[in-house]
Amino acid sequence: MAETDSAALEARDLHLWRGSKHVLRGLSFTASAGHLLHVRGPNGCGKTSLLRTLAGFLWPEEGALYWEGRPVTEDRDGYAAALAYLGHENAMKADLSPLENLRYATDVRHPTERRTIESVLERLGVGPQRDLPFRALSAGQRRRVAMARVLLARARLWLLDEPFTNLDVAGVRDLSAVVADHARQGGIAILTAHSELDLPGSELRRLELE
Amino acid sequence: MTPRRKRLYTVLGILGGVGLATLVAVKAFDNNLSYFYDPSQVATGKAPGDKSFRIGGMVTQGSLKRTPGSLEVSFTLTDFANTVPVSYTGLLPDLFREGQGIIAHGRLQGGVFVADEVLAKHDEKYTPPEVAKSMKKMQPPAGDKT
Amino acid sequence: MGKDVGTWTWFHKLASPPHFYRIAGRMIPWFAVPAAILIVASTYGGLVMAPADYQQKDAFRIIYVHVPAAWLSLMCYMTMASAAAVGLIWRIKLAHALAAASAPIGASFTLVTLVAGSLWGKPMWGTWWTWDARLTSELILLFLYLGYMALRSAFDDLTRADRASAVLALVGVVNVPIIHFSVVWWNSLHQGSTVLRKGGPAMPAEMLWPLLVGALGYTFLYAALACIRVRGEVLIRERNASWLKELEAA
Amino acid sequence: MTTLTTSLPRAAWLVLERDLRLAFRRWEQVTHPVMFFLMVATLFPLALSPEPALLRTIAPGVVWVGALLSALLALESLFRADLEDGTLEQLTLSGQPLAWLLLAKTLAHWLLSGLPLVVAAPLIAAGLAAPGEAVGTLMLSLALGTGVLSFIGSVGAALTLGSRRGSVLLSLLVLPLAMPVLIFGARATDQAMRGEVADGPLWLLAAMLILSATLSPLATAAAVRVSLE
């Protein structure tokens with residue numbers, strides 16, 4: 001899935017303002033293949049803003065973001081193809097089933113067989129719900145389906161904003177395993193979570209925002 | 001696709017689209033787009049007989065007739081090739097005079113253009129009175145076809 | 001953009017808010033004084049020195065307000081759209097500030113044009129308002145300005161307001177010629193252009209010079225107003241910046 | 001770097017197909033603007049007079065103003081739902097050129113909101129005593145004109161996404177830009193009703209459609225990115 005090289009994602013001296021609030025003040029970090037970055041901090045410290053900046057929605061006023069050594073502004077679509085983003089919203093249509101939703105979300109990037117989608121849904125524990133309308137699913141099940149989209153995107157860089165919201169204990173365990181797997185295969189995951197993370201066998205690093 | 005190629009395709013796409021739109025617009029101009037009819041078009045029957053439209057032309061010198069005791073006026077409009085009789089009831093604008101360009105809105109009734117609105121069209125030339133006087137001496141009708 | 005230091009230094013220096021704030025402040029009298037002199041001269045020349053028109057008599061004198069205002073209403077839109085394009089492409093806040101500052105000025109000029117034209121139209125055409133091409137396109141221009149200002153005011157966040165309104169200004173620029181052409185084709189009563197026409201202006205010199213002086217005066221007026229308004233926009237955008245605090249303390 | 005293997009036309013088709021499928025699950029998006037169109041057209045005979053000669057005179061204007069307002073009404077839904085459930089964010093992250101995907105999305109929107117107006121037009125034409133020969137031209141002009149409205153409107157819809165007062169503002173932005181469409185559309189209809197060939201205005205509408213289809217997706221893409229900031 002990914003060739004190993006050094007420092008895949010690098011943030012250099014990011015400054016971000018939201019209105020009159022100076023959210024990011026000269027943030028720098030690097031994340032390379034196999035790294036898991038846990039972004040932590042109190043409410044309103046800019047965790048979501050940071051993730052949205054890394055996903056390319058927000059432009060930092062100063063500083064720059066590099067992917068594989070090149071500024072992401074040079075090839076935004078190329079960078080977007082390399083990342084998968086899970087926001088607060090699940091990005092699923094309530095009137096479509098998980099299977100339909102995932103087909104549209106994934107096929108836009110690369111053709112995916114129905115069997116692949118089904119197996120990922122099974123792995124995340126929502127196999128039986130695959131043909132129900134998305135609106136009929138519980139909040140936790142919806143989050144799992146959304147995570148299936150990230151998994152199916154075949155992206156090297158995962159940006160997960162509060163992926164464990166609404167998940168039960170088993171859900172947290174399943175999801176942690178998926179994220180740890182991703183890192184083991186040379187991927188990068190940057191995620192925000194309030195709780196401590198338990199990700200066995202992977203290099204977990206912390207990024208504290210004040 | 002590399003970003004450079006993508007930019008190239010975008011620019012080519014825009015040029016192609018704008019070019020095609022221009023071609024189609026040029027094609028539109030081959031057809032008669034006019035809203036206005038001049039006296040010649042009315043005289044040759046190109047103007048609609050059953051619908052109101054606008055007619056533009058010059059008030060023929062010496063054609064203005066007022067009906068005593070009413071606001072009814074009649075005159076003829078010319079484009080120096082054909083003339084159309086016009087009748088109108090109401091106050092005429094200040095700039096209305098013989099030899100002046102006007103625009104009238106109304107409909108044809110039995111070969112007479114019955115106007116419900118008369119607007120004086122004034123040209124883009126501004127002239128002091130004494131110059132205008134001398135110009136009138138040198139050449140008849142001072143107005144032009146604008 | 002920042003890599004090519006040699007060429008761009010002056011540009012970035014000018015585009016830096018504190019520097020611009022100071023320069024613009026110093027420029028205001030340099031624009032305002034000529035504006036006042038030129039407009040007074042043009043008014044005197046137009047109302048007193050120029051002879052009356054042989055047909056329109058003294059009513060034609062309204063062109064000394066109407067025509068410069070009409071030119072400026074278009075020029076403001078072009079300035080606004082160019083500034084918006086610069087702001088959108090190079091992400092220069094100051095360009096957005098200029099675009100934002102130009103909109104109300106341009107809308108005012110458009111309104112003056114319409115009102116002056118209407119005052120003229122009643123005695124000359126016999127109607128306050130007619131759906132003529134130029135009148136209609138000027139009216140739609142006013143709508144475009146109002147839409148631009150409405151969009152700006154609908155955002156709480158200035159950065160987003162800047163960028164969204166910039167897109168709208170550019171869309172408007174593509175549409176202005178289309179709108180103009182379509183209403184010309186639709187209905188035309190207004191006279192042709194007096195000054196910019198084939199074969200030179202159709203006006204004697206003593207009528208023409210107050211008009212041109214007036215146009216220049218209005219342009220200076222725009223520059224002065226734009227400086228004042230851009231300074232205001234810069235203050236809003238930079239209200240937390242350290243240079244402003246220093247300025248306050250000094 | 002990860003490369004995408006889905007071709008651009010295929011990606012655009014997927015965006016289109018998804019919106020069509022969603023519409024078939026929920027019909028309101030399609031039926032409400034048409035109902036509005038029919039009702040607006042009904043108001044005119046009631047407000048003015050049911051006299052056929054008068055109705056025939058005002059028919060081009062009524063049909064076109066009605067179509068413009070209905071198209072405006074439908075625009076509100078173009079991106080709003082996608083913004084709220086997060087799918088608009090994902091669209092910009094698909095790695096495919098956003099302008100293309102938005103072109104497909106606007107096309108889907110036209111199929112769902114513009115085309116029904118075209119189909120409903122003969123009903124209104126009959127109600128306003130318009131001659132039967134004019135119906136073909138009316139439908140053609142509406143098809144071209146509502147296309148232009150969808151493209152111009154997509155820019156407005158994307159621009160007003162991030163703002164507080166959406167729908168009235170959207171009208172303020174789009175209506176001035178839509179005036180040429182109204183002029184030529186009503187003119188084509190008018191000419192056809194008088195038994196004339198309406199080639200001129202129709203070609204102009206076609207030119208506007210091509211121009212707006214070329215340029216507006218780029219502006220819409222820029223506006224969508226602003227809205228996601």
Practice problem: With a 4.5 Å heavy-atom cut-off (strictly below), which parts of residues 44-55 of chain A touch chain D? List them by number. | Solution: A:Arg52, A:Ala55
Quiz item: Got A:Glu89 and D:Thr87 here, is their nearest side-chain heavy-atom distance under 4.5 Å?
Solution: no
Quiz item: Rounded to the nearest 0.5 Å, what separation is found between the CG atom of A:Leu86 and the CD atom of D:Glu89?
Solution: 10.0 Å
Exercise. Decide yes or no for A:Phe57 and D:Thr92: does some side-chain heavy atom of the first lie under 4.5 Å from some side-chain heavy atom of the second?
Key: yes
Quiz item: Of all residues at least two apart in sequence or in a different chain, which pass the side chain to side chain contact (heavy atoms under 4.5 Å, CB included) check with D:Glu84?
Solution: D:Arg80
Practice problem: Of all the heavy-atom pairs spanning D:Ser94 and A:Val108, show the shortest one and how long it is. | Solution: CB-CG1, 3.4 Å
Quiz item: Where on D:Ala81 is there a heavy atom nearer than 4.5 Å to chain A: the side chain, the backbone, both, or neither?
Solution: both
Exercise. Could you grab the distance from atom CG of D:Leu93 to atom CZ of A:Arg76, nearest 0.5 Å is fine?
Key: 9.5 Å
Quiz prompt | Nearest non-hydrogen partners of D:Pro97 and A:Asp77, listed with the distance | solution = CA-OD2, 3.5 Å
Self-check item: Distance, nearest 0.5 Å, that separates NZ of A:Lys93 from CG of D:Asp82
Solution: 3.5 Å
Quiz item: Does a side chain donor of either D:Gln96 or A:Arg109 reach within less than 3.5 Å of an acceptor in the other side chain?
Solution: no
Quiz item: Quick one: which residues of residues 212-229 of chain D reach chain A at under 4.5 angstrom, heavy atoms only?
Solution: D:Arg225, D:Leu228, D:Glu229
Quiz item: Heavy atoms under 4.5 Å from chain A: which residues of residues 16-28 of chain D carry them?
Solution: D:Glu17, D:Arg18, D:Arg21, D:Leu22, D:Arg25, D:Arg26
